[in-house]
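To start, the structure itself, in structure tokens.
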Protein chains: 2
Amino acid sequence: MPTASTPSKKYHNRAFYLNAAFELIRDIGIDKLTMRRLAEYLDVSAMAIYKHFGSKDELLKAVLDEFIARADVVPPAQLPWHEWVAQLARGMFRALQGETAWLPLLGSFDIGENALRVTTAFIDRLMQEGLAFEQAVAAYLTMIHLVIGAVTLQATFEKSMAAVAQTLAQEKQVSARPILAMVDRDQIDIGLPLFIAGLKARLAAAGRTQG
Amino acid sequence: MPTASTPSKKYHNRAFYLNAAFELIRDIGIDKLTMRRLAEYLDVSAMAIYKHFGSKDELLKAVLDEFIARADVVPPAQLPWHEWVAQLARGMFRALQGETAWLPLLGSFDIGENALRVTTAFIDRLMQEGLAFEQAVAAYLTMIHLVIGAVTLQATFEKSMAAVAQTLAQEKQVSARPILAMVDRDQIDIGLPLFIAGLKARLAAAGRTQG
DNA sequence: ACCTGAACACCGTTCAAGT
DNA sequence: ACCTGAACACCGTTCAAGT
């Protein structure tokens, strides 16, 4: 099988283009991926891609689902639920981190096959712990909110960490150091304890109702 | 003072361009705003804008801060803290809702003057309730994560609500109706109770330590 | 000081034509 | 069936020139 780095001159299939797009995005970032650039990378005309993907959006959607699959964020089942949840959230965070350009796609694309797999794994686990189906769905959605928000803010802070801390410290008449420490952490680790605490309360309530 | 709808043929200042950009974005959406279109809207050359804003990004950054100011999301002080927090979060959610195109900006721009005002209001309120400064900052950041994530997912679901519910219901062998109900709610209302529960636990712990 | 017009180096996508 | 080349209708931004 030819790789994208040594493309054969024969015709390529959908999977080949998908893989090449994945590689190229890893190398140059998603916001720099253009149809013309991908074509050049494969030594092919830009229009060749359109035989396999109806539009750039369709291509990106496919890459995103592939990305989720390769991130492989579902933790081992033997972990206690709160660690399992924390690890899953951190895994998603890390996968998306630095790839802010994915975020508008998350907000505009349908749920893919591989994204669905993660969803059901999460819901299964929390139902196993005693949550009702609706509550498990709510918990899953909340975790996704936290991850997306954390990735978004992380990008802000990486570009202007010092500025934000400085401004806030001046305003509140406190030292900038604790703020810098806060902003220096992975953003996901800030909301996660609060989220787990909320989940614990809900699980306790569910246990009371059931038991 | 001339409005953007009846532009004078005299020179315009920075505030005028800013206001016009704000109006135009409200009308056509942020992703359709181009320098050429704004120029056409003002019956001016595209390059005129560059006298007042160094780049399109600088213009958008200014519009975003203006947007935050006009959203006016800080609730009345007499509300109990949990309602105050919930109202603030819902206000931000509603301001951003449907304007997904703002989200990549939130992730790439420095904090503006008006954004800072909301930040300090939130931190003040939670410190008043007994949280330490660092914890109040953490709570604020977590709320922002939730809002950004909720807005992002809301956009997804509005485009493919039925599809998501259907897929998930089939997978879990349950009726699609409760999932539809979940996805039909404002996404912010899903994570907010969990967040408030977590905050309550933290406030109780803080009270115990202090008292 | 502020604005214009033309130009540069890009985009995504269409369409007719090639093999 | 799959790919190419040229073209269309756009972008943000530069630069020299105008008033």
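In what follows, chains carry the letters A, B, and so on, assigned in the order in which the sequence lines appear, proteins first and then strands, with residues in each chain numbered from 1. This structure is a prediction, so every number in the text was calculated from the model and none was measured.
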Taking the nucleotide of DNA chain C with the nearest heavy atom to each, does B/R36 or A/T34 sit closer to the 5' end? B/R36
Now, which nucleotide makes the Watson-Crick or G-U wobble pair with C/dA16, with each of the two distances under 3.5 Å? D/dT4
Mate of D/dC11 where both pairing distances stay under 3.5 Å, Watson-Crick or G-U: none
Length of the line joining [X]:[atom1] and [N]:[atom2], which is rounded to integer Å:
X	N	atom1	atom2	result
A/L42	D/dC3	CG	P	10 Å
A/M47	D/dG5	CE	C1'	10 Å
A/I28	C/dC10	CD1	P	13 Å
A/E58	C/dG12	CD	P	15 Å
A/I49	C/dG12	CD1	P	9 Å
B/E40	D/dC11	CD	P	9 Å
A/M35	D/dC10	CE	C1'	17 Å
B/F53	D/dT14	CZ	P	16 Å

Pair A/E58 + A/R14: basic N to acidic O under 4.0 Å: yes
Thinking salt bridges, do A/E129 and A/R125 make one under a 4.0 Å N-O criterion? yes
Closest to the side chain of A/R37, out of C/dC11, C/dT13, C/dC3, is C/dC11
With DNA chain D as reference, determine whether A/K51 or B/Y50 sits nearer its 5' end, using the nearest nucleotide of each. A/K51
At less than 4.0 Å, is any side-chain N or O atom of B/S45 found next to OP1 or OP2 of C/dG5? Yes or no. no
Below 30° counts as parallel, above 60° as perpendicular, anything between as tilted: where do the rings of A/Y17 and A/H12 land? perpendicular
Under 30°, 30 to 60°, or over 60°: which ring-plane class applies to B/F122 and B/W84, parallel, tilted or perpendicular? tilted
Run through A/Q187, A/H145, A/Q154 and flag the one making a side-chain hydrogen bond (donor to acceptor under 3.5 Å, both in side chains) with B/H145. A/Q187
